[in-house]
Amino acid sequence: MSEQVTHEAPLRLLLVDDQRLIRAGFAMMLGVEPDIEVVGEAGDGAEAVERAAELRPDLVLMDVQMPGMDGIAATREIVRQGLGQVVVLTTFDRDDYLFDALRAGASGFLLKNAEAEQLVDAVRAVGRGHSLLAPEVTRRVISAMVTSETTEAASSGDTPDLGVLTEREREVLVAVGRGLSNSEISRELYIGEATVKTHVSNVLAKLQLRDRVQAVVLAHQAGVVG
């Protein structure tokens, strides 16, 4: 069983896939959870942007390959307009989709063959402000994106200055870079989870990072995580 999380209000979810049966399956799977509400569906990227603007969901589950505007372009537009967080779902375990989705601003990436429990936990995790990658692709993300972004940073001279962080914020960055959740960081550093959340927010703001995925990449790029 997935861990049930209590919210003041259910997480509001928009499902985007060009196959009606897949949308129906996800709606059935997720809609039975008491803390998740499926508020709408869309069959392509353009409709996804329109529905996100109309419904203002907390989270969008986004397919990649769709007619017209694809899921990557739709993700980019939804994130740009601040219309909700996006988790990309695809049957294709391909690096180009993965990296394009993350660069477009997706907060998570899962394969469609994920277990139901993984999908439900992913929705809850991203809905609570965490970023999430399928375990199968995390290592590839770190190795490929660190190599790419380190090269770009070296050529531009734009390297992160970790000196702006307090000692505690640096400890939190290292923990985030190791893939720990807020609750795990709380236990490891003996501080409250709300305090961890504040430190994570400060780290992202000070280092001008979009989300935890970028923080993971930066931690490895800067050499604070082996």
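From a predicted model like this one, the values you see are computed outputs, not experimental measurements.
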ask   = Yes or no on side-chain contact (heavy atoms from CB on, under 4.5 Å) for E33 and V123, after CA distance, side-chain angles and deciding distance?
value = CA-CA 11 Å; E33 300 294 333; V123 168; over 6 Å; no
query = Is a side-chain donor or acceptor of T75 paired with a backbone partner of G71 at a separation under 3.5 angstrom?
reply =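 At least one qualifying donor-acceptor pair exists.
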inquiry  = When you measure from the side chain of R12 to the backbone of L55, do you find a donor-acceptor pair of N or O atoms at a distance under 3.5 Å?
reply    =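 Between the backbone of L55 and the side chain of R12 there is a qualifying donor-acceptor contact (under 3.5 Å).
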Looking at [X] and [Y], what are the two nearest heavy atoms and their distance?
X    : Y    : result
G40  : R51  : CA-NH2, 3.8 Å
E169 : V164 : OE1-O, 4.2 Å
M66  : G45  : CE-N, 3.7 Å
V172 : L189 : CG2-CD1, 3.9 Å
S186 : G192 : OG-C, 3.7 Å
G177 : A219 : CA-CB, 3.8 Å

What is the distance from atom [atom1] of [X] to atom [atom2] of [Y], rounded to the nearest 0.5 Å?
X    : Y   : atom1 : atom2 : value
R76  : Q81 : CZ    : CD    : 13.0 Å
R124 : L59 : CZ    : CG    : 12.5 Å
E50  : I78 : CD    : CD1   : 11.0 Å
I22  : E41 : CD1   : CD    : 12.0 Å
E47  : L14 : CD    : CG    : 8.5 Å
D17  : Q65 : CG    : CD    : 11.0 Å

Measuring only between side-chain heavy atoms, which start at C-beta, is [X] closer than 4.5 Å to [Y]?
X    : Y    : answer
R187 : E184 : yes
L15  : L61  : yes
D100 : V64  : no
L11  : D35  : no
L173 : L207 : yes
H199 : I185 : no
L119 : L89  : yes
L13  : F26  : no

inquiry  = Using side-chain contact (heavy atoms from CB on, under 4.5 Å), reason through R56 and L83 one step at a time and then give a plain yes or no.
reply    = CA-CA 6 Å; R56 296 294 175 135; L83 302 179; 3.5 Å; yes
request  = Would you please test E77 and R80 for salt bridge (Lys or Arg N to Asp or Glu O under 4.0 Å) and show each step?
outcome  = CA-CA 5 Å; E77 190 61 21; R80 186 186 70 80; 2.5 Å; yes
query = Within a radius of less than 6.0 Å around NZ of K206, do more than 12 heavy atoms belonging to other residues, nucleotides or ligands occur?
reply =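 Yes, NZ of K206 has more than 12 neighbouring heavy atoms, counting only those of other groups under 6.0 Å.
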inquiry  = Heavy-atom count check: over 12 atoms from other residues, nucleotides or ligands less than 6.0 Å from R168 CZ?
reply    =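 Enclosed: over 12 neighbouring heavy atoms sit under 6.0 Å from CZ of R168.
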message = Applying side-chain contact (heavy atoms from CB on, under 4.5 Å) to R23 and R20, what does each step give before you reach the verdict?
response = CA-CA 5 Å; R23 296 201 307 269; R20 187 184 301 272; 3.9 Å; yes
Stepwise side-chain contact (heavy atoms from CB on, under 4.5 Å) test for Q19 and D63 = CA-CA 10 Å; Q19 297 186 47; D63 188 23; 5.9 Å; no
message = I'd like to check the side chain to side chain contact (heavy atoms under 4.5 Å, CB included) partners of L204; sequence neighbours left out, ordered by chain and number.
response =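 For L204, the residues satisfying side chain to side chain contact (heavy atoms under 4.5 Å, CB included) (neighbours in sequence not counted) are V200, L209, A215.
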